[in-house]
Amino acid sequence: MPELPEVEVTRRGIAPGLEGRVVANVEIRDHRLRWPVDPELPRLLRGLRITSVDRRGKYLLLACAAGGAARGWLIIHLGMSGSLRFVAARAPAAKHAHFDLQVGRQVLRLTDPRRFGAVLWHPATAGPVASHPLLASLGVEPLTAEFTAELLYNATRKRAASVKQVLLAGDTVVGVGNIYASESLFRARIHPKTSAGRISLKRYATLVPEIRAVLSAAIAKGGSTLRDFSSNDGPGYFQLEYFVYNREGLPCRICATPIRRAVQGQRATFYCVKCQH
DNA sequence: CAATTTACCTGGGTGC
DNA sequence: TGCACCCAGGTAAATT
């Protein structure tokens with residue numbers, strides 16, 4: 001499951017092969033992703049130059065231009081099972097290889113078994129990409145200076161929802177998925193079911209650096225295993241040594257108390273009853 | 001109106 | 001071998 005660190009590692013992996021290059025062709029093998037892929041994409045994209053590859057939350061943003069003038073952005077989301085790899089232009093398409101973006105001799109290929117991913121076009125005429133409906137109401141980036149304890153504190157004063165669910169919701173801070181929410185709450189010693197509105201500024205001041213640390217460590221780990229986005233296996237997804245995630249019944253690494261599993265908002269949550277309050 | 005909850009999409013894996 | 005069931009993340013719709 002690509003979370004923010006995996007998406008960021010993907011961005012770093014594919015950017016060198018895309019930036020400055022011109023789209024030679026686009027092939028849509030299966031348009032049935034989360035939203036139907038626009039059949040006009042090949043016509044729209046052919047000949048455009050990719051000027052930058054950015055990330056917002058878990059969305060990848062490929063800025064496209066013609067003759068120096070911005071034309072729009074290709075927005076790509078990996079969903080739960082998506083991955084992007086460079087393959088040779090003639091490489092036969094394996095099962096679930098739904099979308100190709102050919103740049104030069106290489107093809108950036110989206111493979112997504114569950115088709116929860118997305119490929120969308122946002123034309124420059126519709127305004128900045130940040131105004132796209134899917135991006136407009138996203139929270140702040142967790143690895144920027146914008147993400148502070150004060151922000152979390154102020155944003156949660158009227159929220160009765162649990163801190164875990166607020167982190168996951170993405171409207172305050174983006175990119176903190178199920179795994180990293182559980183892990184960062186453990187490291188900050190905060191019980192995941194605590195009402196977000198009842199957590200003090202001081203406790204958020206502990207949580208914020210832990211979220212940053214967990215995400216940064218995962219990116220570093222992914223970066224260190226980032227061999228090559230031109231192979232079939234690619235960097236894969238990296239596992240940090242988790243403190244709590246997926247460790248139900250196993251001893252807490254700090255105090256040996258068995259890790260508990262609970263369900264919040266139909267999502268599994270893992271925590272230590274002794275370490276987290 | 002905003003916050004919160006529920007339903008839903010898909011297919012790999014699991015257990016019977 | 002088949003098949004019912006569970007699970008995952010993020011969005012839309014429904015509900016409070």
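Lettering of chains follows the sequences in order, A, B, ..., and the numbering in each one begins at 1.
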Closest heavy-atom pair, A:Arg212 versus A:Leu143, reported as atoms and distance to 0.1 Å, is O-CD2, 3.9 Å

For A:His77 and C:dG10, what is the distance between atoms NE2 and C1' respectively, to the nearest whole Å?
7 Å

Exercise: identify the closest heavy-atom pair between A:Leu45 and A:Val23:
O-CB, 3.4 Å

Check this one for me: any side-chain N or O of A:Arg159 less than 4.0 Å away from OP1 or OP2 of B:dT4?
yes

Could you check whether the rings of A:Tyr271 and A:His191 sit parallel, tilted or perpendicular, using 30° and 60° as the cut-offs?
tilted

Taking only N and O in the side chain of A:Arg115, is any of them less than 4.0 Å away from OP1 or OP2 of B:dC9?
no

Quick one, which residues of residues 261-273 of chain A touch DNA chain B with a heavy atom under 4.0 Å?
A:Gln266

Mind listing the closest non-hydrogen atom pair of A:Glu183 and A:Phe243 along with its distance?
OE1-N, 2.7 Å

Nearest 0.5 angstrom please: A:Glu3 CD to A:Tyr180 OH, how far?
5.5 Å

What integer distance in Å separates A:Gln165:CD from B:dA3:P?
15 Å

Atom CZ of A:Arg32 to atom P of B:dT10: distance rounded to whole Å?
8 Å

Over how many whole Å does the gap from A:Ile76 atom CD1 to C:dG10 atom P extend?
17 Å

Toward the 5' end of DNA chain B, by each residue's nearest nucleotide, A:His96 or A:Lys158:
A:Lys158

A:Arg34 atom CZ is separated from C:dA8 atom C1', nearest whole Å, by 11 Å

Side chain of A:Trp35 only, heavy atoms from C-beta on: which candidate in B:dC9, C:dA12, C:dA8 is closest?
C:dA12

A:Tyr180 OH to C:dA8 P, straight-line distance once rounded to whole Å:
15 Å

Distance, nearest 0.5 Å, that separates CZ of A:Arg203 from NE2 of A:His277:
9.0 Å

Calculate the interatomic distance between A:Asp112 atom CG and B:dT10 atom C1'; express it in whole Å.
9 Å

Quick check for you: among B:dT4, C:dA8, C:dA12, whose closest atom lies nearest to any side-chain atom of A:Ala161?
B:dT4

Straight-line distance of A:Glu6 CD to A:Arg11 CZ, nearest 0.5 Å:
14.5 Å

May I have the distance from A:Glu248 (atom CD) to C:dC7 (atom P), rounded to whole angstrom?
11 Å

